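Since the model is a prediction, treat every value here as computed from it, not as a measurement. Every chain is numbered from 1, with letters handed out A, B, ... down the list of sequences.
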2 protein chains.
Amino acid sequence: MNRRLTQRGRERRQQLMSYAITRFAENGYHPTSVAEIVHGLGVGKGVFYWYFASKEELFLEILRDAQRQLRRRQEAAIADEPDPVRRIELGIRASIAWIDENRDVVKLLQFAATEERFAPVLRRGQDVAVADTARHVKEGIVEGRIRDLDPFVLSHAVLGVAGHLAREFVHERSQSVDDVAEAAVAFCLGGLMGSPPD
Amino acid sequence: MNRRLTQRGRERRQQLMSYAITRFAENGYHPTSVAEIVHGLGVGKGVFYWYFASKEELFLEILRDAQRQLRRRQEAAIADEPDPVRRIELGIRASIAWIDENRDVVKLLQFAATEERFAPVLRRGQDVAVADTARHVKEGIVEGRIRDLDPFVLSHAVLGVAGHLAREFVHERSQSVDDVAEAAVAFCLGGLMGSPPD
DNA sequence: GGCGTTCTTGACCGCGCGGTCAAGTGATCC
DNA sequence: GGATCACTTGACCGCGCGGTCAAGAACGCC
C-alpha cells in the first residue's frame, strides 16, 4: 500500500486517519466500522481502501505515528539539558503535556495493549522510551543522586506514574496539566531519590 | 436473568465465565464469538443464553466479580494493621499478588477501560480502591509521616505504580512477585514520604 | 485536446456474528 | 407415573461487517 500520493492524496490520508482516531476513541476499534468512517467523511468506501490496505493496517499506522510523535516530543523537551535528574523531570512534563493533547490517541494505545495483534508494535515503542529514561536514571545513580535500584524498574515506575496521573486527572477530571505534572514530578523524584524510612 | 440455579447450574455458570475469561484475554472481547465459547466447552449455544442475557452482560459480570475479589483481597491483607503507612504497603503487596494470580482478568479490566460502555462499572470500583488508600494516606499526613499533598493524587500515583510494575514485570517479564512488590513499595514510600531535593 | 495517472464511486459479495426458539432430556418431588 | 422445573440442543434468522471492483471523474502535463 505504498502508493505515490499527490498533495491532495496526502491530505485525504491524513483526514482519514484523524477522523478514524476520533471514531475509534469514542466507539472502540472493533465496534467502529469502515462504513461508518467513510460515511462520516461523506466519501465512498473505495477511498478508504485506496489509502489503506485494511482497517487493521490503518490502526497500526495510527499507533506507529503516535509513538513517533511522543518520542520526538520527549527528545525536543530534553534537548541539551545536562543534568540527568532534570532530564527525567522534563521528560515527565513532556509526556504529560503530550497525553493531554492527544486523549484520543492515548485511548487507542491503551486499547492496543490489550490485543495480542497490536501489542508487539506497542512494546517496541515503550521499550525505547524506557531505555531513554533508564539512561538518565543510570547517570543519576552514578552521580549518587538516585538510589541504587534497577534503572529499568525505576524508569517503568516513573512512566507508570506519569501515564496514570495524566489519564486520571487530566483526561478524566480535567485538572490543570501543570498541577498534575507538578504532582507527578514530586512523587517520582521522591521515589527515585528515596529516603527509605524505618 | 436472575434465574434459580441448582448446584449443577451454578457450576456451569462458573465454567462459562472462567472459560470466557481465558478466551477474551487471549483473543480480545470483540473478536471472541459466543459460538467460539460454547464450542470450546462442547455445549450448545442455548446454554450460554440460559445463563447470560447477552455477551455484554457476561462481560460486565466478569468485571464486577473481579473488582469484588480484588477488594476482598486488599481488605483481608490490611485486616487490623494499625499503622497507616504499613497498611498502604500491605495494600500494594496484596494488589500485586492478585494481579499476578489473575493475568487474564487484569487484561480484561484494562480493555474495559477503553470502551465507553464498560468504563462506568470500572470507575466505581477504582474510586472505591482509591478512597480506601486515600484514607490511610490522610492518616499518614496527619501523623506527619507522609508529605502534605493531595491524598487522592498520592493514592492514584501509588495505584499507578503498583499496577504498571506488576503488569510489566510480573506478567510480561515473569519476574518474581516478591521482588516486584519490594520495588513498588520502595518507590511508593519514597514518593509518599518525599525528601524533595534542591 | 489528448493521455496517463491519481483518485472516487457505490453496488455487491460471502461470511460469521449475536441472538432466538420449538423441541427435547433429566432430575426431583408427590 | 405423571407433573414440574432446570437445563440443553442446534437449526435458524436478519443484519452488518470487511473487503472488492468495474466504471468513471478530476487532475497534471505535453
Intermediate values then yes/no, salt bridge (Lys or Arg N to Asp or Glu O under 4.0 Å), A/R167 and A/D100: CA-CA 8 Å; A/R167 285 191 301 267; A/D100 172 42; over 6 Å; no
Steps toward ring-ring contact (aromatic ring centres under 6.0 Å, His included) verdict (A/H164, B/H164): CA-CA 9 Å; A/H164 188 82; B/H164 188 82; 9.8 Å; no
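In terms of phosphate contacts, A/S54 brings no side-chain nitrogen or oxygen within less than 4.0 Å of OP1 or OP2 of D/dG18. Here B/R12 does not reach the OP1 or OP2 of D/dA6: none of its side-chain N or O atoms lies under 4.0 Å away. For the OP1/OP2 pair of C/dT5 and a distance below 4.0 Å, the side-chain nitrogens and oxygens of A/T6 include no atom meeting the criterion. Between A/W50 and C/dT8 there is no side-chain N or O to OP1 or OP2 distance below 4.0 Å.
When rounded to the nearest whole Å, the span between CD of B/Q15 and C1' of D/dC7 equals 13 Å. Rounded to an integer number of Å, the gap from OH of B/Y29 to P of C/dC17 is 14 Å. The separation between B/L58 atom CG and C/dG19 atom C1' is 14 Å, rounded to whole Å. To the nearest angstrom, P of C/dT9 lies 15 Å from OH of A/Y49. Here the P atom of nucleotide D/dG28 and the CZ atom of A/R4 are 15 Å apart, to the nearest Å. Rounded to whole angstrom, the span from the CD atom of A/E56 across to the P atom of D/dC17 amounts to 18 Å. Between B/H39 atom NE2 and D/dT9 atom P there is a gap of 12 Å when expressed in whole angstrom units. One interatomic measurement links the two molecules: CG of A/L16 to P of C/dT9, which rounds to 11 Å at whole-angstrom precision.
Comparing B/F48 and B/R8 against DNA chain C, the residue whose closest nucleotide sits nearer the 5' end is B/F48.
Checked against D/dG19, C/dC7, C/dG18, the side chain of B/K45 finds its nearest nucleotide in C/dG18.
Within 4.0 Å of B/V47, counting heavy atoms only, lies at least one base atom of the nucleic acid. In this structure, A/F52 reaches neither bases nor backbone, as no heavy-atom distance under 4.0 Å exists between it and the strands shown. Heavy atoms of A/R3 sit nowhere under 4.0 angstrom from any nucleic acid atom. Note on B/G9: only backbone sugar-phosphate atoms sit closer than 4.0 angstrom, heavy atoms only; bases stay farther off.
Between B/E61 and B/R64 there is a salt bridge, with a side-chain nitrogen of the basic residue lying less than 4.0 Å from a carboxylate oxygen of the acidic one. With respect to the salt-bridge test (charged N to carboxylate O, under 4.0 angstrom), the residues A/R93 and A/E182 qualify.
Residues A/H30 and B/E115 bring no donor and acceptor atom of their side chains to less than 3.5 Å of each other.
For C/dG19, its base never sits under 3.5 Å from the side chain of B/K55 at any donor and acceptor pair.
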